[in-house]
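The model shown is predicted, which means the values in this text are computed figures rather than measured ones. Every chain is numbered from 1, with letters handed out A, B, ... down the list of sequences.
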Amino acid sequence: MKHFYLTTAIDYANGQPHMGHAYEKVLADVIARHRRLCGQPVYFLTGLDEHGQKVQQTAEKEGIEPQQLCDRVAGDFQKLCHSLHISHDDYIRTTEKRHKIVVQSVLQKLFEQDEIYLADYQGLYSPRLEQFLQEKDKVDGHWPEEFGEVIEISEKNYFFRLRRYYPWLVHYIKTHPDFIFPHFRAKQVLEFLKDEPNDLCISRPKKRLAWGIPLPFDEDYVTYVWFDALLNYLSAVGYGEEALGHYWPVDIQIIGKDILLPAHTIYWPCMLKALELEMPRTLLAHGWWLVSGSKMSKSTGQVVQPLDYVRLCGADAFRYFVMREMVIGQDCDFSHERFMARYNGDLGNDFGNLVHRLLHMLRRYCGSAIPRGNFSDADDQALRQHWQEILPRISEAYQHFAIHSALELLWEMLRLLNRFTELRSPWSLAKSSRDEDRKKLEATLATLAEGLRLVVNALQPVMPETSRIVLNALGLTSEANLHWDQSLRWSQGLEGRSVGDPSVLFPRVEG
RNA sequence: CGCAGGGUGGAGCAGUCUGGUAGCUCGUCAGGCUCAUAACCUGAAGGUCCCCGGUUCAAAUCCGGGCCCUGCACCCA
């Protein structure tokens, strides 16, 4: 059976993890966890892009070997994954042998197929910065000081015949509306493609850049970093081996909107086409996090690092926040106020407090066991009815990456559970000595427990840790193994289970 | 210039593709409850859905025009 294969972009080793990296991994993780719960075997890949000029330069600046730098940065990013509870199945680094072998075999194959040719590359070059320049690098029509002397040079390089696939690519994008998501991004790509792209220069002379994968057919050159990096999606799942069939084509590739063009919508499809491989099913381009809080931070002398919130409020709270706030594909603003509002309001008040008050009532009124629910009235029916209505919408939202709407629906349910609690007022029923009131009290708590179980199960992809804690508190230990549809059906399965003591899931954080 | 995205009660956002009494969260005001994390529940006030025009029985939504904000190919989620 083919795996559901999804990837994030691989992060570039020249820099520290930031909000965007964290978001992308969480998004991918939520999708991966959801698919697993739906019973699909999932292969979730992320990793690190380690070659190229920037890495070489940074390493030189620090006086260390590039590989040392990469090892350190890889550690930082893996730590990030760990602290966010990312459930990736593989972490690929482009300096690994398994990757280099694939890059070289792909290059050799394309070279033999005449997809790669040698030609003169002409351009403006700054020897001081050791890089090629573009007209747009000019400031007010002049080269900035730091470029030093700018000369026109010509050097031989290898090119990939991208233009060969230009007409095919345009047609493919036009006829595959699900290829690029959100759809409006496809329009942007087609706009870009109105001008025929040039063939892609895939080599760098070793005398200028040594930190890369050598071309198999010319030892004087290394591979251009994008060409190298994109192939990680193939090298991780056994390109050239039988195993590839268990993963390819890749189902979802999650990337930032900035690397959609030209890398993932031009280079990558053309490379795959030349290799006679199927296209990715969906390229999912997300937006950017803007941090407007920097002004506020300056005035208070505090620099707010978004990842500090993981430490402050926990991974699940961070995951909830980024999934709830970001509408897929659009940009979104991060601010302390918004984070705290979501944390204290949504998580603390609506959710955590509901769990707490329910467990407390179960302990106080029912000896910490979930009672039998053999009483039903209009309020109770309405609650079940509501769940029946939103359940397909929640599944649909997960399917279409609208995680924020899935969460919105779940919180709607949580509010209804809080309202139901008020309507039935178990604390009043508990004072009565009538049998009927006792039955009503028990049924109320049973209904609340079941409602909470359903919400928490549907919340698993976004908040795995919290879900586990709450399910355990409801006396369930193996619920995670249940199939998505099965676990989200209203049932009586909780009856008789002994529940945990009330604990505060999301302690209030002031400030 | 052009292209793409956005402009919805005090704040932040859904909704726009598939027209049908404008929805959510926060905030404000009033009330209720006391199981609970100064929490929860109820009610109220508050909107020319950027502007102009068109299509339609009906427009936040479709069409045309205009204004404003943000991005746009070294690298960057």
Side-chain angles (χ1 to χ4, degrees), chain A residues 8-12 14-15 17-28 52-55 57 126 129 131-134 136-137 177 182-192 194-195 197 225-226 254-263 266 285-290 324-327 329-333 335 337-338 340-342 344-365 402 404-405 408-409 411-412 414-430 441 444-445 448 502-510:
Chain A
T8 68
I10 51 175
D11 308 308
Y12 196 50
N14 181 46
H18 60 244
M19 188 68 194
H21 298 116
Y23 168 71
E24 184 170 303
K25 292 190 195 309
V26 170
L27 175 60
Q53 186 158 276
K54 296 274 179 188
V55 170
Q57 282 172 349
S126 158
L129 293 187
Q131 66 184 34
F132 280 96
L133 306 173
Q134 315 257 330
K136 68 174 192 64
D137 291 325
H183 193 247
F184 71 79
R185 294 278 173 212
K187 281 196 261 178
Q188 216 170 340
V189 173
L190 287 170
E191 201 56 45
F192 183 92
K194 277 182 179 167
D195 295 322
V225 67
W226 263 118
I254 298 172
I255 56 176
K257 64 176 186 179
D258 53 312
I259 55 171
L260 190 64
L261 270 173
I266 297 182
H286 65 248
W288 280 3
W289 280 94
L290 314 170
R324 180 65 185 80
E325 286 286 304
M326 182 77 100
V327 176
Q330 312 240 321
D331 291 348
C332 189
D333 214 52
S335 80
E337 287 73 15
R338 285 168 81 161
M340 293 327 297
R342 288 290 180 199
N344 285 323
D346 293 9
L347 297 180
N349 300 346
D350 296 333
F351 180 29
N353 181 56
L354 175 64
V355 173
H356 193 246
R357 71 197 298 209
L358 173 61
L359 291 176
H360 203 267
M361 286 189 283
L362 283 166
R363 182 169 68 178
R364 187 154 158 184
Y365 305 139
H404 75 283
S405 6
E408 197 176 342
L409 289 165
W411 253 255
E412 201 180 296
L414 286 173
R415 291 198 182 90
L416 287 180
L417 291 172
N418 271 317
R419 171 189 286 173
F420 180 74
T421 309
E422 299 297 321
L423 280 172
R424 288 284 183 83
S425 300
W427 47 91
S428 299
L429 296 171
L441 166 67
T444 300
L445 298 187
L448 285 172
S503 62
V504 175
L505 287 175
F506 304 101
R508 194 166 187 86
V509 175
E510 301 296 346

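Residue A/Glu191 has its side chain nearest to B/rC3 when only B/rC3, B/rC75, B/rC76 are considered. Taking only side-chain atoms of A/Lys257, from C-beta outward, the nucleotide of B/rC76, B/rG71, B/rC41 with the closest atom is B/rG71. Minimum atom distance to the side chain of A/Glu24 is reached by B/rA77, of the listed B/rG12, B/rA77, B/rU37. Nearest to the side-chain atoms of A/Val327 among the listed nucleotides B/rU37, B/rA77, B/rC13 stands B/rC13. Across B/rC35, B/rA77, B/rA73, the shortest atom-to-atom separation from the side chain of A/Phe192 is found for B/rA73. Comparing B/rC35, B/rU37, B/rC41 against the side chain of A/Arg357 picks out B/rC35 as the nearest.
Under 4.0 angstrom from either OP1 or OP2 of B/rC40 there lies at least one side-chain N or O belonging to A/Asn349.
The gap from the P atom of B/rU42 to that of B/rC3 amounts to 49 Å, rounded to the nearest Å. Taking the C1' atoms as reference points, B/rC24 lies 32 Å from B/rG66, given to the whole Å. A distance of about 15 Å separates the C1' atoms of B/rG46 and B/rA30, rounded to the whole Å. The separation of B/rC50 from B/rG12, taken at their P atoms, amounts to 14 Å, rounded to a whole angstrom. Taking atom P in both B/rG23 and B/rU48, one finds a spacing of 15 Å when rounded to whole Å. The separation of B/rU61 from B/rG54, taken at their P atoms, amounts to 14 Å, rounded to a whole angstrom. B/rC69 and B/rU8 are spaced 15 Å apart, taking the P atom of each and rounding to whole Å. Between B/rG10 and B/rG53, the two C1' atoms lie 32 Å apart (nearest whole Å).
Here A/Leu359 lies out of heavy-atom contact (under 4.0 Å) with every strand. Nucleic acid contact class of A/Gly256 (heavy atoms, under 4.0 Å, all strands): sugar-phosphate only. In this structure, A/Arg508 reaches the bases: a heavy-atom distance under 4.0 Å links it to at least one base atom across the strands shown. Residue contacts for A/Arg185: at a heavy-atom cut-off of 4.0 Å it reaches no nucleic acid atom on any strand shown. Note on A/Gly15: nothing from the nucleic acid sits closer than 4.0 angstrom, heavy atoms only. Contacts of A/Leu423 with the nucleic acid, taken as non-hydrogen atoms under 4.0 Å apart, are absent. Counting non-hydrogen atoms under 4.0 angstrom, A/Phe506 reaches a base of the nucleic acid.
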Restricting both atoms to N or O, compile the protein contacts to nucleotides 24-33 of chain B shorter than 3.5 Å, with distance only.
residue, atom, partner, partner atom, Å
B/rC33, O2', A/Trp427, NE1, 3.3

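Residues A/Leu347 and A/Phe506 approach most closely at O-CD1, 3.3 Å, considering heavy atoms. Summarising the geometry of A/Thr444 relative to A/Pro426, their closest heavy-atom pair is CG2-CG, 3.9 Å, with the distance given to 0.1 Å.
Pairing partner, B/rA44: B/rU28, with both Watson-Crick or wobble hydrogen-bond distances short of 3.5 Å. The nucleotide B/rG23 finds its pairing partner in B/rC13, both defining distances of the Watson-Crick or G-U wobble pair being shorter than 3.5 Å. Under the Watson-Crick and G-U wobble criteria, each requiring two contacts below 3.5 Å, nucleotide B/rC33 is left unpaired.
Side chain of A/Asn344 to backbone of A/Val509: a donor-acceptor contact under 3.5 angstrom is found.
Following rounding to the nearest Å, A/Asn353 (CG) and B/rU37 (C1') show an atom-to-atom distance of 6 Å. Straight-line distance from the CG atom of A/Leu358 to the P atom of B/rU34: 19 Å, rounded to whole Å. Regarding A/Trp226, its CH2 atom lies at a distance of 10 Å from the C1' atom of B/rC76, rounded to whole Å.
In this structure, A/Arg419 CZ and A/Leu414 CG are separated by 13.0 Å, a value rounded to the nearest 0.5 Å.
Of the two residues contacting RNA chain B, namely A/His404 and A/Gln188, the nearest-nucleotide position lying further toward the 5' end is that of A/Gln188.
Of the candidates A/His286, A/Gln188, A/Arg185, A/Arg185 is the only one forming a side-chain contact (heavy atoms from CB on, under 4.5 Å) with A/Lys257.
For A/Glu191, the side chain to side chain contact (heavy atoms under 4.5 Å, CB included) test picks out A/Lys194, with sequence neighbours left out.
Between A/Tyr365 and A/Trp427, a ring centre-to-centre spacing not shorter than 6.0 Å is recorded.
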